[in-house]
Amino acid sequence: MAQKLFPYFTTPLCLILFLSPPIYMYPFDYSQLDYYFYDKSCPGLPRMVKLGVWSALRNDTRMAASLLRLHFHDCFVNGCDGSVLLDDTQDARGEKNASPNRNSLRGFEVIDNIKADVERFCPSTVSCTDILTLAAREAIFQIGGPYWAVPLGRRDGTTASEMAANEQLPSPFEPLQNITAKFTSKGLDLKDVVVLSGGHTIGFAQCFTFKRRLFDFKNSGKPDPSLDPSVISNLQSICPNRDASNSNLAPLDTSSDKFDNVYYTNLKSNTGLLESDQALMGDPQTAAMVNFYSMNSNFFSNDFGTSMIKLGNVGVLTGQNGQIRKKCGSVN
């Protein structure tokens, strides 16, 4: 599997670490962040993140999707401040055990390992939030997705809220209108909903997130009529109608190990896995964007980078706000 996913790693590792991809600078107006923020204080940061992510993907090819999701779940709850990385304490329950994250959010150890390396060379300099933001970009690029330049200078938050995570994160069971409202509350728009949903072109979903579509959709006693019958039998075999199958995994699209635009072609053929994904075809505006991206993979890649930069700048802490955590799981 790893050989299939990483054919370009036949290049000697030293070249992987020092050769840089083309850098696309997307316009942004977040003046407190800077593409070159660590150039003097921690010039080796990009290489350390690159190597840390490469090592993680070599051991677990699902980790690219996990790091992308970890970054999304961080930014969507009170902004990109690394709060999702904080462990629970005796006094407060954080985001790790919120309903959308419990027993499903992964990649914490990858960020912790990178942070430990960074602290050895650049102590008390680089935030966990910036490391997570870079790691998500690097993960997508290393599996063949787009590369976007990441403006840096975020600082880490000192609090986390289980309640905020439960309330603010979009759910696969919510209607599109609710999900869109949650995006717009973060300064994102309808296009970002469609583009960032395209991140489901990689990774897997647990059966409990879509199983009701397979057997008794909305108490009808039948499968979801918007799900193409050709895929129902296979999904039912992966997710039998019993609680023991809730944590079983099914691919989010038919090429789940590759960053491409197949996610959108799946939606057009009514084979999107999650209700919230297939719902994009039920609205004229989002359906038009799905059709466009299904036929234009380069536009999808470019727009994905743009939307990821917007996501990565939601509610950031800069200047003297927040702190630079020494360990990502706890405040200083």
Backbone N or O of [Y] within a donor-acceptor pair of the [X] side chain at under 3.5 Å?
{"X": "Asn101", "Y": "Glu95", "value": "yes"}
{"X": "Thr209", "Y": "Ala205", "value": "no"}
{"X": "Arg69", "Y": "Arg106", "value": "no"}
{"X": "Lys218", "Y": "Arg212", "value": "no"}
{"X": "Asn248", "Y": "Cys239", "value": "no"}
{"X": "Gln323", "Y": "Asn332", "value": "yes"}
{"X": "Asn97", "Y": "Arg93", "value": "no"}
{"X": "Asp283", "Y": "Gln285", "value": "yes"}
{"X": "Arg325", "Y": "Gly82", "value": "yes"}
{"X": "Thr184", "Y": "Asp189", "value": "no"}

Same cluster for [X] and [Y] if Ile/Leu/Val/Met/Phe/Trp/Tyr side chains link at under 4.5 Å?
{"X": "Phe215", "Y": "Ile232", "value": "yes"}
{"X": "Ile202", "Y": "Val262", "value": "no"}
{"X": "Leu169", "Y": "Leu274", "value": "no"}
{"X": "Met308", "Y": "Leu252", "value": "no"}
{"X": "Val84", "Y": "Leu317", "value": "no"}

Closest non-hydrogen atom pair, [X] against [Y]:
{"X": "Gly94", "Y": "Ala160", "answer": "CA-CB, 3.9 Å"}
{"X": "Gly52", "Y": "Ile114", "answer": "CA-CG1, 3.9 Å"}
{"X": "Phe173", "Y": "Phe208", "answer": "CZ-O, 3.4 Å"}
{"X": "Ala135", "Y": "Leu67", "answer": "O-CD1, 4.3 Å"}
{"X": "Ala56", "Y": "Met63", "answer": "CB-CG, 4.1 Å"}

Just so I know, are the side chains of [X] and [Y] near enough to count as touching, which here means a heavy-atom distance under 4.5 Å?
{"X": "Pro172", "Y": "Phe210", "answer": "no"}
{"X": "Pro223", "Y": "Phe217", "answer": "no"}
{"X": "Lys258", "Y": "Thr254", "answer": "no"}
{"X": "Phe37", "Y": "Pro151", "answer": "no"}
{"X": "Val53", "Y": "Val49", "answer": "yes"}
{"X": "Cys207", "Y": "Ile238", "answer": "yes"}
{"X": "Lys115", "Y": "Leu85", "answer": "no"}
{"X": "Met289", "Y": "Leu190", "answer": "yes"}

Next on the checklist: Under the ring pair (Phe, Tyr, Trp, His ring centres under 6.0 Å) test against Phe259, which residue among Tyr147, Phe141, Phe300 passes?
Outcome noted: Phe300
Checklist entry - Picking from Phe304, Tyr293, Phe299, what satisfies ring pair (Phe, Tyr, Trp, His ring centres under 6.0 Å) with Tyr264? => result Tyr293
Look up atom [atom1] in [X] and atom [atom2] in [Y], then write down how far apart they are to the nearest 0.5 Å.
{"X": "Leu267", "Y": "Asp253", "atom1": "CG", "atom2": "CG", "result": "9.0 Å"}
{"X": "Arg58", "Y": "Leu51", "atom1": "CZ", "atom2": "CG", "result": "8.5 Å"}
{"X": "Leu311", "Y": "Cys80", "atom1": "CG", "atom2": "SG", "result": "5.5 Å"}
{"X": "Asn296", "Y": "Asn302", "atom1": "CG", "atom2": "CG", "result": "11.5 Å"}
{"X": "Leu134", "Y": "Tyr38", "atom1": "CG", "atom2": "OH", "result": "8.0 Å"}
{"X": "Leu132", "Y": "Ile111", "atom1": "CG", "atom2": "CD1", "result": "4.5 Å"}

Is any side-chain N of the basic residue among [X] and [Y] closer than 4.0 Å to the acidic one's carboxylate O?
{"X": "Asp192", "Y": "Lys186", "result": "no"}
{"X": "Lys96", "Y": "Glu162", "result": "no"}
{"X": "Lys327", "Y": "Glu119", "result": "no"}
{"X": "Asp130", "Y": "Arg155", "result": "no"}
{"X": "Asp303", "Y": "Lys191", "result": "yes"}

Item to check | Residues Thr286, Val193; criterion side-chain contact (heavy atoms from CB on, under 4.5 Å); working and verdict | outcome: CA-CA 9 Å; Thr286 56; Val193 174; 5.7 Å; no
Checklist entry - Hydrophobic clusters join Ile, Leu, Val, Met, Phe, Trp and Tyr when side-chain heavy atoms are under 4.5 Å apart, directly or via other members; which others share one with Leu86? => result Val331
Next on the checklist: Looking at Gln320, I'd like to know if its CD atom is crowded, meaning that more than 12 non-hydrogen atoms belonging to other residues, nucleotides or ligands lie closer than 6.0 Å.
Outcome noted: no
Checklist entry - With a cut-off of 6.0 Å (strictly less than), are more than 12 heavy atoms of other residues, nucleotides or ligands near CZ of Phe121? => result no
Checklist entry - Can you list the steps and then say if Glu174 with Lys182 is a side-chain contact (heavy atoms from CB on, under 4.5 Å)? => result CA-CA 11 Å; Glu174 286 187 282; Lys182 289 184 175 181; 3.0 Å; yes
Item to check | Chi angles and distances behind the side chain to side chain donor-acceptor pair (under 3.5 Å) call for Lys211, Asn246 | outcome: CA-CA 8 Å; Lys211 191 162 62 173; Asn246 283 349; 2.6 Å; yes
Checklist entry - Yes or no on side chain to side chain donor-acceptor pair (under 3.5 Å) for Asn270 and Ser226, after CA distance, side-chain angles and deciding distance? => result CA-CA 6 Å; Asn270 293 321; Ser226 70; over 6 Å; no
Checklist entry - Is a side-chain donor-acceptor pair under 3.5 Å present for Gln236 with Asn241? => result no
Item to check | CA sep, side-chain torsions, deciding dist, call: Asp260, Ser255, side chain to side chain donor-acceptor pair (under 3.5 Å) | outcome: CA-CA 8 Å; Asp260 53 27; Ser255 62; 2.7 Å; yes
Next on the checklist: Angle between ring planes, Tyr263 versus His200, binned at 30° and 60°: parallel, tilted or perpendicular?
Outcome noted: perpendicular
Checklist entry - Can you name the one residue among Thr271, Asn266, Thr265 that meets side chain to side chain donor-acceptor pair (under 3.5 Å) with Ser269? => result Thr271
Checklist entry - Stepwise, does the side-chain contact (heavy atoms from CB on, under 4.5 Å) test hold for Gln32 with Val316? => result CA-CA 9 Å; Gln32 297 180 85; Val316 296; 6.0 Å; no
Checklist entry - Could you go step by step and tell me if Val150 and Ile309 meet the side-chain contact (heavy atoms from CB on, under 4.5 Å) rule? => result CA-CA 7 Å; Val150 176; Ile309 289 176; 5.9 Å; no
Item to check | All pairs passing salt bridge (Lys or Arg N to Asp or Glu O under 4.0 Å) where residues 220-245 contributes a residue, at least two apart | outcome: Arg213-Asp224
